[in-house]
Amino acid sequence: MSKGVLVDLTKCIGCGSCYVACKLYNENKWSDKAPVNGKAAKLADENWTVVKEYNISRDNCNALRFVKKQCFHCEHPSCASACFTSALRKTEEGVIVYRSNLCVGCRYCMVACPFEIPKFEWGKAFPVVTKCMMCYFRVINNEKPSCVSVCPTQVMQYGDRDELLVEAKLRIDSNSAYIKHIYGENEAGGTNWLYLSDVPFAQLGFKTDISDKPAAAYTSRYMSLTPILGAAWGLVLTGIYFINKYRKKNAAEKQMKANDSEGGNNA
Amino acid sequence: MSEREEREIDGSRRSFLKKTLGTCLTVGAATAATGCSDGNVSGGEGWLPEQYNIPGNYPVQVRGRIPIDRGNPSITRDDRKCILCGQCAEVCEKSEAVLFNYELPLKDDIPCIHCGQCTLWCPTAAITERDEKESVLHALENENLHVVVQTAPSTRVGLGEEFGLTIGINVESRQVAALKALGFDSVLDTNFAADLTIMEEANELVKRVVGQIKAPLPQFTSCCPGWVKFCEYFYPDLLENLSSAKSPMQMQGALIKTYYAKERNLDPQKIVSVAIMPCTAKKFEAARHEFNSSAYITGYENIRDVDYVLTTRELARLIKIKNIDFNNLPSASYDPLMSEYSGAGAIFGVTGGVMEAAVRTGYYMLTEQRPPDALFNLTPVRGLQGVKEAVLQIPNVGELRVAVVTGMANSREVLKRVRNGDAPWHFIEFMACYGGCISGGGQPRSALPPSDAVRAARINSLYTADEKSVKRLSHENDEILEMYKIYLGEPGGELAHKLLHTHYIDRSMHLTAKKALA
Ligand code: SF4
Ligand code: SF4
Ligand code: SF4
Ligand code: SF4
Ligand code: SF4
């Protein structure tokens, strides 16, 4: 059963508690280059979530809206499909986690993700890829993700994706102010983070040209097309070594929370 | 815990607070989170992202915080210092009745009345005033400019705390000396304009009471810019009740570039007008576009009545930056022309003080007699209660009923009654900050959260200043009487109106006020 978060953008006041919680919980540094709020807010290796500001026009009035951005946690994550070392993979809770010591730095995931979520630590000597991991440790302990738990206006609701979808439909059906669209219901084959809004998603920087088909189906292309693969064969072998090592370990681990056998290739 | 402590060796205030705020809870959670109790990684070895394999120092009791618009003229926040304690949200909602007092979604604004109480409650000083001391330093360095400064009634009983002095100590003359040492060309007292505000506001009240001007009763005070914006947001239907008199700071500012410039033979365009205030909302007030009466009078379109507002804390920082030995400064006095004040002006910074000052002079205006002794110690309107009331007997006029409200959360009930037409009062004083300007959002932050003991010490200090004053009635202020004679004409007269009165803006379209609160 996939866990997810329903984000109701009409309730967001732009306080930024969520990104502070994310920084504190995940111990990510503050970045001088990439702002976490304002009109120029952008996801970065150290910003797993940001709150971007939009001044738009709604019913001929100016409206101030904020959008919390982070990984959508796709049902069929193309990032994980593209990752041949399975550094990125989907857990049974539907969380897309990342394990840096399996990552060979190929950055296929960054190309594969339709939402441009994974970021590379360009500034570091041994850079890896980073992104929101939905506070996986909290999820497996039946706690809400940090950002969800701190939001003063309950913008975000955490729960089973199926139930969140029911709730989302209820909300848009009972209140005409909402746009009749649940962003993430079908985008990229469905995502676990779902969004509601009272202004068109296109005006809030959401990609509206995303196919409903899971992009993961195409991602094998990225791998076969690249010449780097040959050059990096050694690294791949290392990767496979690690995968096998962890698979064996995980198989023995009764308490294992993550769904290992599915890996990332569940398309 | 040893690993945890090592990680926090930087000893930053934030990590210290994080640790102390949630110690017990954090210990438990950190142990659980790290799985260090049994040496295993909890949650399945292998697939837990490794940053969760190390002890976290995440505060367990996280709470949401206030939103701050990046363009807020009064306050700003350093996210890096925030520990998500939620104190700012608490004071903004519970004490100032702003946060969550509107429906979502937002309209085009993040509602804020700029009171700055959040800057006092934020334990890590993540929220601060928008610092303008650099601009002031810049002006002071320019020899072509004549930099005038005015000081609010309350800063003199707060500033000393920044230099380790007894809480509430009145450092009026040292403050003047420090400002002179900083290079201000002229140091004037906003207390002067407080007396002037009384002249205009009491005059307006008398006219409303006897029916000479068509404006509703009760009259509301208008010297607190936080309250004024609160009224503009939530009670636009009651804006007529607000006295049209400007706040003392804005009166002083308007006069500095007109009357003062004229008397001193100065070019208004070369004057920089600075105000030292206990208040962050004054930064917002000074920036309100309508506060350029001096431009209107002089014809120099681009001048503003008040150019910069510094809080008490910013002044303290300036004094420290310039290495001025505050505690050993010789005393100095204000420059003449616009600095004389009565005891009535001195107590403007206290909840109930504006009311007490106004009824003293109002009594005189209605009866042409000196007010009775009781009006020099109007105990019913003194003290820290949220809402206070008093009934005064005015010979040949009848009863004058007044009320005093401190903290915007306390205003809702009173305003509801005014809205429903069952308010018995003639005059109501409102101040956004609990206790009055003495605990304004720009006052020094003590090591502890704002407390009544601190407030009471500062309040007593101002009442003592009133008692010690030879003159305790605004209408006895000689500099004011002289100014009316040679420049302004009558209280409430034509020029007085142009310079000393203002109008208000309906801001209700910027939010959806919660119905239940109306
Ligand atoms: S494809 Fe992108 S949005 Fe989807 S799970 Fe991967 S990183 Fe997140
Ligand atoms: S779920 Fe966790 S990691 Fe993801 S944005 Fe929220 S706080 Fe950050
Ligand atoms: S904590 Fe909630 S209200 Fe604040 S910015 Fe994040 S989503 Fe919006
Ligand atoms: S300045 Fe006052 S109104 Fe504005 S956020 Fe702070 S407490 Fe709330
Ligand atoms: S009071 Fe300060 S530290 Fe606490 S939540 Fe507000 S901004 Fe953060």
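Just the heavy atoms: all of them, side chains too, but no hydrogens, waters or symmetry mates, feed the values below. The sequence lines fix the lettering, A, B, ..., with proteins before strands; numbering per chain opens at 1.
A cation-pi arrangement is not found for A:R171 relative to A:Y178, the charged atom failing to lie both closer than 6.0 Å to the ring centre and inside a 45° cone about the ring normal. A cation-pi arrangement is present between B:K229 and B:F284, with the terminal nitrogen or guanidinium carbon under 6.0 Å from the aromatic centre and inside a 45° cone about the axis. Cation-pi check for A:K131 over A:W48 is not met; the charged atom does not lie both under 6.0 angstrom from the ring centroid and within 45 degrees of its normal.
If you tally non-hydrogen atom pairs under 4.5 Å between each of A:S17, A:P152, A:S149, A:A177 and chain B, the highest count goes to A:S17. In terms of heavy-atom pairs under 4.5 angstrom with chain A, the leader among B:E103, B:H510, B:R65, B:R77 is B:R65. When B:D69, B:I110, B:L104, B:D109 are compared by the number of non-hydrogen pairs under 4.5 Å with chain A, B:L104 comes out ahead. The most heavy-atom pairs under 4.5 Å with chain B, out of A:A21, A:C18, A:G14, come from A:A21.
Contact of B:R70 with chain A is made through the side chain alone, with heavy-atom distances under 4.5 Å. With a 4.5 Å cut-off on non-hydrogen atoms, A:C12 touches chain B through its backbone but not through its side chain. Only the backbone of B:I66 comes within contact range of chain A, with at least one heavy atom under 4.5 Å from a heavy atom of that chain.
Checked against the 6.0 Å centroid criterion, the rings of A:Y195 and A:F201 do not qualify as a close aromatic pair. For B:F234 and B:Y102, the gap between ring centers reaches or exceeds 6.0 Å.
Contacts with chain B (heavy atom to heavy atom, under 4.5 Å) involve these residues of residues 34-42 of chain A, listed by number: A:V36, A:N37, A:G38, A:K39. Contacts between residues 55-64 of chain A and chain B, counted as heavy-atom pairs separated by less than 4.5 Å, involve A:N62, A:A63, A:L64.
A salt bridge is defined here as a Lys NZ or Arg NE, NH1 or NH2 lying under 4.0 Å from an Asp or Glu carboxylate O, and B:E90 with B:R63 meets this definition. Taking the charged nitrogens against the carboxylate oxygens, A:E92 and A:K3 have no contact shorter than 4.0 Å, which rules out a salt bridge. A salt bridge links A:R65 with A:D198: the closest approach of a Lys/Arg side-chain nitrogen to an acidic carboxylate oxygen falls below 4.0 angstrom.
Between A:Q70 atom CD and A:C135 atom SG the span is 10.0 Å, to the nearest 0.5 Å. Of the inter-residue distances, the one linking A:K119 atom NZ with A:C113 atom SG reads 8.0 Å to the nearest 0.5 angstrom.
Between B:E129 and B:T311, the side chains place a donor N or O and an acceptor N or O closer than 3.5 Å (distance only, hydrogens not considered). Checking B:T128 against B:R313 by side-chain atom types alone, no donor-acceptor pair falls below 3.5 Å.
Shown are B:L106, B:T512, B:L99; of these, the side-chain contact (heavy atoms from CB on, under 4.5 Å) with B:P111 is made only by B:L106.
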